[in-house]
Trainee: 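Here's a structure for you.
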Number of protein chains: 2
Amino acid sequence: MPEEPTQAERFGKARSARSGVVQEDYVELIADLMAAHGEARATDIAKRMGVTHPTALKCIARLKREGLVTSRPYRGIFLTEAGQELAQRVRARHRLMVEFLIAIGVPEEAAEEDAEGMEHYASEATLAAFSRFLAGDPPRN
Amino acid sequence: MPEEPTQAERFGKARSARSGVVQEDYVELIADLMAAHGEARATDIAKRMGVTHPTALKCIARLKREGLVTSRPYRGIFLTEAGQELAQRVRARHRLMVEFLIAIGVPEEAAEEDAEGMEHYASEATLAAFSRFLAGDPPRN
DNA sequence: ACTGAATTGTACCCTTGGCTACATTTGCGA
DNA sequence: TCGCAAATGTAGCCAAGGGTACAATTCAGT
């Protein structure tokens, strides 16, 4: 099967997807923290992401540049409209992924771990298929 | 649900997995090229990965450092024992992922694309669940 | 009110994986 | 055989996302 250009395209797409992964994780986490504590502090973000605070600050700076987040010096971090929308999509996708994995028999902790990586690469088509499965539709006849 | 440390661990694991993604893709591709043409040339690797050749060379140099690949100046690239084993595992995982996605109703091209990203994050537990599903075992009773 | 701890910010370094530009080596075809 | 195109290698740039070390600011508690 010599389908080189298609393969290159697929690798390219996976590569592009990779660049948004960290943003998605941060935005989702910030939304969680705001929901739980009313605000998102850099230290808490760093702790929950399992990185040092300068790393978190740098990623947050990038989120700011991309208009997903706002913050004033020595103050908390807030999601913009765009950030909130992204957070909602990401959270929904994450929940669906975990539920699906558990439904097909993956133990809960493994499902949570794997979803953390896989969720970022699931297209609409795949998410739709997962939804159908959870809804009880027969996938193959 | 304040389970911060666990969440940090999960993010950490996903991060670790991320660092092996490129190696896995290269090793699998090199195995493909060797099977198809009897040798793996840097130019072909670059073309199929959709990157420039210096980028491919740099990644190959890293594979060499990690003992997955060998090569002599201006000669082709060859997998070591470890490289061949990795390639086999990766290829099997890739096929399983694609088959599974198609089985639950994802269109073929989307399945190929999504698998390219998701395959690197599926644990043994998840792969086992996918296998069971393909074998026709009822996932939930 | 003020001091000390916690939080936030800054400076600088590393590796990975992109790129372009240029140098070197192979090896094929005239 | 020998020259030129193709392949390979090298140098140097960039951004992202890790890290440490240190500076600045906030804020609680006395």
Side-chain angles (χ1 to χ4, degrees), chain A residues 4 8-30 33 37-78 116-117 120, chain B residues 4 8-30 33-34 37-66 68-78 116-117 120:
Chain A
E4 305 90 24
E9 280 165 34
R10 281 201 289 262
F11 280 124
K13 284 199 194 182
R15 224 175 3 256
S16 310
R18 218 137 54 206
S19 65
V21 165
V22 175
Q23 280 96 317
E24 290 182 352
D25 285 340
Y26 274 83
V27 165
E28 186 184 1
L29 177 52
I30 292 168
L33 288 171
H37 309 143
E39 65 169 344
R41 291 158 68 245
T43 301
D44 295 337
I45 295 171
K47 234 176 291 199
R48 296 271 288 255
M49 288 295 302
V51 298
T52 60
H53 86 269
T55 296
L57 287 173
K58 227 185 298 187
C59 292
I60 291 163
R62 197 183 159 205
L63 294 180
K64 243 200 287 198
R65 277 209 326 268
E66 309 199 351
L68 294 169
V69 135
T70 56
S71 75
R72 299 195 321 287
Y74 294 96
R75 268 348 2 144
I77 288 112
F78 302 92
E116 204 57 72
H120 304 284
Chain B
E4 305 92 24
E9 279 166 33
R10 281 202 288 263
F11 280 126
K13 284 200 193 183
R15 220 170 12 251
S16 310
R18 217 135 56 206
S19 66
V21 165
V22 175
Q23 278 99 316
E24 291 182 350
D25 285 340
Y26 273 84
V27 165
E28 186 184 2
L29 178 52
I30 291 168
L33 288 171
M34 295 220 300
H37 309 141
E39 65 168 345
R41 290 158 69 245
T43 302
D44 296 337
I45 295 171
K47 234 176 290 197
R48 296 271 288 258
M49 289 294 302
V51 299
T52 59
H53 86 269
T55 297
L57 287 174
K58 227 185 297 187
C59 293
I60 290 164
R62 197 181 159 205
L63 294 181
K64 243 199 288 198
R65 276 211 325 269
E66 309 199 350
L68 295 168
V69 135
T70 56
S71 76
R72 300 196 320 288
Y74 294 95
R75 274 329 50 109
I77 288 112
F78 302 91
E116 204 58 72
H120 304 284

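Below, chains carry the letters A, B, ... as their sequence lines are ordered, and counting in each starts from 1. Because only heavy atoms are used, hydrogens play no part in the values below, and waters and symmetry mates are left out as well, while side chains stay in.
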Trainee: Considering just the side-chain nitrogens and oxygens of B:Thr55, establish if one lies under 4.0 Å of OP1 or OP2 belonging to C:dG17.
Mentor: no
Trainee: Going by side-chain hydrogen bond (donor to acceptor under 3.5 Å, both in side chains), name the pairs with one or both residues in residues 68-77 of chain A, residues two or more places apart or in two chains.
Mentor: A:Lys64-A:Ser71
Trainee: So if I define the base as every atom that isn't primed, P, OP1 or OP2, how would nucleotides 8-14 of chain C read as a B/S/- string at a heavy-atom cutoff under 4.0 Å?
Mentor: BBB-B--
Trainee: Any side-chain N or O of A:Arg18 below 4.0 angstrom from OP1/OP2 of D:dA16?
Mentor: no
Trainee: Round to a whole Å and report the spacing from CD of B:Glu39 to C1' of C:dG27.
Mentor: 13 Å
Trainee: Rounded to whole Å, how long is the line connecting atom NZ of A:Lys47 with atom P of D:dG18?
Mentor: 18 Å
Trainee: Nearest-nucleotide wise, let me know which of A:Ala56 and A:Arg65 is further upstream toward the 5' end of DNA chain D.
Mentor: A:Arg65
Trainee: Are B:Arg62 and C:dT16 close enough that a side-chain N or O sits under 4.0 Å from OP1 or OP2?
Mentor: yes
Trainee: Quick one, A:Phe11 with B:Arg48, criterion side-chain contact (heavy atoms from CB on, under 4.5 Å). Give me CA distance, side-chain angles, the key distance, then yes/no.
Mentor: CA-CA 8 Å; A:Phe11 280 124; B:Arg48 296 271 288 258; 5.7 Å; no
Trainee: Pairing of DNA chain C as dot-bracket, 5' to 3': ( ) intra-strand, [ ] crossing, | other strand, . unpaired, with Watson-Crick or G-U pairs under 3.5 Å?
Mentor: ||||||||||||||||||||||||||||||
Trainee: Quick check on C:dG18: is either OP1 or OP2 less than 4.0 Å from any side-chain nitrogen or oxygen of A:Arg15?
Mentor: yes
Trainee: Where is the tightest heavy-atom contact between B:Ala56 and B:Ala42, given as atom of each residue plus distance?
Mentor: CB-O, 4.5 Å
Trainee: Expressed in angstrom and rounded to an integer, what is the separation of A:Ile45 atom CD1 from C:dA6 atom P?
Mentor: 20 Å
Trainee: I'd like to check A:Leu68 versus A:Ile30 (side-chain heavy atoms, cut-off strictly below 4.5 Å). Are they in contact?
Mentor: no
Trainee: Can you name the side chain to side chain contact (heavy atoms under 4.5 Å, CB included) partners of A:Glu39, sequence neighbours left out?
Mentor: A:Arg41
Trainee: Would you kindly give the CG-to-P distance between B:Asp25 and C:dG17, to the nearest whole Å?
Mentor: 10 Å
Trainee: So A:Gln23 and A:Glu66, do their side chains get closer than 4.5 Å, heavy atoms only?
Mentor: yes
Trainee: With A:Val21, which residues qualify under side chain to side chain contact (heavy atoms under 4.5 Å, CB included), at least two apart?
Mentor: A:Asp25, A:His120, A:Tyr121, B:Arg18
Trainee: To the nearest Å, how far apart are A:Ile60 CD1 and D:dA16 P?
Mentor: 15 Å
Trainee: Is the backbone N or O of B:Val51 less than 3.5 Å from a side-chain atom of A:Arg15, with the two atoms forming a donor-acceptor pair by type?
Mentor: no
Trainee: What residues, two or more places apart in sequence or in another chain, satisfy side chain to side chain donor-acceptor pair (under 3.5 Å) together with B:Thr43?
Mentor: none
